[in-house]
There are 2 protein chains.
Amino acid sequence: MSEQPLDGVLVPKVVLDRASPVPLYYQVATCLQEQIEGGELPVGGRLENEVELADRLGVSRPTMRKAIGYLVERGMLVRRRGVGTQIVHPKVRRPVELTSLYDDLAKTGRAPRTEVRSLEVGPATDAVAETLGIPTGTLVTTFERIRYAGDEPLAIMHNAVPVDVVALRAEDLEQHGLYEILRSAGRVPRIANQVVGAKAATATEARLLGDPRGAPMLTMTRTAWDESGRGVEYGSHVYRASRYSFELTLTC
Amino acid sequence: MSEQPLDGVLVPKVVLDRASPVPLYYQVATCLQEQIEGGELPVGGRLENEVELADRLGVSRPTMRKAIGYLVERGMLVRRRGVGTQIVHPKVRRPVELTSLYDDLAKTGRAPRTEVRSLEVGPATDAVAETLGIPTGTLVTTFERIRYAGDEPLAIMHNAVPVDVVALRAEDLEQHGLYEILRSAGRVPRIANQVVGAKAATATEARLLGDPRGAPMLTMTRTAWDESGRGVEYGSHVYRASRYSFELTLTC
DNA sequence: TTTGATACTTTGTAAGGACAAAGTATTGAC
DNA sequence: GTCAATACTTTGTCCTTACAAAGTATCAAA
């Protein structure tokens, strides 16, 4: 058994299943990723060179390169010509996940609760129609929700979703996150534009969220499109700055 | 001259320079990107299939695929097996560019001005050392700046940069953005972690920025690492919410 | 008319080979 | 001993070829 060579070059252990429908390059990539996240491949360490690695794993160099490239794209590895491939950072999430507040809360173990304050179907306003790229007057479902974490109000959320994208009912929205509903309807959001800002709470916002009037609020407006370029959601949300912030990882 | 075929399949015009040191796939990609952004290739249109395109441009299919893949990665194109490649979105910037406020302002044509209020070299605090991943007590340059757009104050910025990353002088910081300096010193930030939130202005902040006390402020703390995984910058900034917001595009 | 099988188109994965370019280490001349 | 030229290592780009898988359209049979 060839163990770690002398000069600190790391030899990851990878097991492949050529019968699996999962692409080879992806199997290699996730295997490496797990070992990096698990700490078996320490940060700063240098990886075996591509050619050897490909050889040892029994895959072609293009496949090996694609696997490495995948991890480079998400900031876990760095390669330099003439030098090699290094492990740079263990826990890196993709540039900001395209998830909803509901998902975020559920993931961190806090019980999300949603109150649907209003929901109506009507023609889209010019502004909404334009940002979503749909004809003016297209029917959209417009609704307002308050999101709680446990008993504490977190955010007021305004949304507009074209009715032909998915038919929304208040009951569903109280039980599930909007993105969850969109996904199960096959309208997966693929690309989104977000603007994050801040403002002072209006009297209404303050009352609904239990903050003093003028309290700092984090605002986020988002437009999301599905894979065919169709606008699926427009949202304009207000978060209590004292309870919420956005975290994101960017790679250049 | 073969013009646009009948069924609306788009035939981009691409001119390649094989003598150029710029990779072929990148030439193809930027050429396509320009035509998409310029509107010559309309949103929703279907691209010629890979094989034909590669053939017509005189490149191999892998090269063509790499070019298309590059644009798919940043959300401009979408491909589906058995269907083809479609243009989904014209103006999409990379998931949030890893730039500084100075760069942002300069790009949008507003004259950025910087006032360095303090600058000192000393051992890093525990918190800073930990986030940057450097030993406690490592010497860092700590400085405070106010950034103006024209005559109007925009933000208060606090930073810490290890002295062995780059030696910083107040004069340089008044003339150039921090990221510009880092780049020219060869310490290119490659990956960063940002947290965006909001808060009310303290009395000092309000005074410095010319806002009333308690005015809503957008906060951003960022830690950035270079390609070798070394922490190069820690920043904690406060922006006037009335004058600044973050815009970002995310792909899932 | 509807259903189901079939053919076709188009992208996805994979292999193998060749050369270029960048960075590092070594060696030789002065 | 220092510095420049050289060799070597390693990733970057590009090509050709082949087959698999998904989606669409066609066509025939019930």
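Please read these numbers as outputs of a predicted model, since none were measured by experiment.
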Check whether any side-chain N or O of [X] sits under 4.0 Å from OP1 or OP2 of [N], and answer yes or no.
| X | N | result |
| --- | --- | --- |
| B:Thr85 | C:dT11 | yes |
| A:Tyr25 | C:dA14 | no |
| A:Lys66 | C:dA14 | no |
| A:Thr63 | C:dT13 | no |

Round to a whole Å and report the spacing from [atom1] of [X] to [atom2] of [N].
| X | N | atom1 | atom2 | value |
| --- | --- | --- | --- | --- |
| A:Gln86 | C:dT24 | CD | P | 11 Å |
| A:Gln27 | C:dG12 | CD | C1' | 15 Å |
| B:Arg61 | D:dT17 | CZ | C1' | 11 Å |
| A:Glu48 | D:dT9 | CD | P | 15 Å |
| A:Asn49 | C:dT24 | CG | C1' | 14 Å |
| B:Arg46 | D:dT24 | CZ | P | 10 Å |
| A:Asp55 | D:dT11 | CG | C1' | 16 Å |
| B:Arg81 | C:dT11 | CZ | P | 11 Å |

Among [options], which nucleotide has an atom closest to any side-chain atom of [X]?
| X | options | value |
| --- | --- | --- |
| B:Val83 | C:dA14, C:dA22, D:dT24 | D:dT24 |
| A:Pro23 | C:dA14, C:dA18, D:dC19 | C:dA14 |
| A:Arg79 | D:dC14, D:dT11, C:dT10 | D:dT11 |
| B:Arg65 | D:dT10, C:dA18, C:dT13 | C:dT13 |
| A:Val59 | C:dA15, D:dT13, D:dA18 | C:dA15 |

Mind checking if B:Ser60 touches a base, just sugar-phosphate, or nothing, with heavy atoms under 4.0 Å?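 Base, at least one base heavy atom under 4.0 Å.
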
Looking at every strand, decide which applies to B:Pro62 at a 4.0 Å heavy-atom threshold: base, sugar-phosphate, or nothing.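 Base, at least one base heavy atom under 4.0 Å.
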
Which atom of B:Ala160 lies closest to which atom of B:Leu132, heavy atoms considered: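 What the structure gives for the nearest pair is O-CD1, 4.3 Å.
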
A:Val140 and A:Pro162: which non-hydrogen atoms are nearest, and at how many Å?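 Answer, listing the atom of A:Val140 first, then A:Pro162: CG1-CA, 3.8 Å.
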
Mapping A:Leu24 and B:Val51 to their closest nucleotides on DNA chain C, which lands nearer the 5' end?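 On the 5' side of the pair lies B:Val51.
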
Residue whose nearest DNA chain C nucleotide is more 5′ - B:Glu50 or A:Gly82: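 Final value for this comparison: B:Glu50.
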
Under the 3.5 Å rule, do the base of C:dG12 and the side chain of B:Arg80 count as making a donor-acceptor pair?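 No such pair is found, so the answer is no.
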
When you look at CD of B:Glu130, are more than 12 heavy atoms from neighbouring residues, nucleotides or ligands closer to it than 6.0 Å?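 It does not: B:Glu130 CD has 12 such atoms or fewer within range.
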
Do you see a donor-acceptor pair shorter than 3.5 Å between the side chains of A:Arg46 and A:Gln86?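 Side-chain D/A pair, A:Arg46 to A:Gln86: absent.
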
So, the side chain of B:Thr30 versus the backbone of B:Tyr26: is there a donor-acceptor pair under 3.5 Å, distance only?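 Flag set: sc B:Thr30 to bb B:Tyr26 pair under 3.5 Å.
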
Between atom OG1 of A:Thr131 and atom CH2 of A:Trp225, what is the distance when rounded to the nearest 0.5 Å?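 Here the interatomic distance stands at 7.5 Å.
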
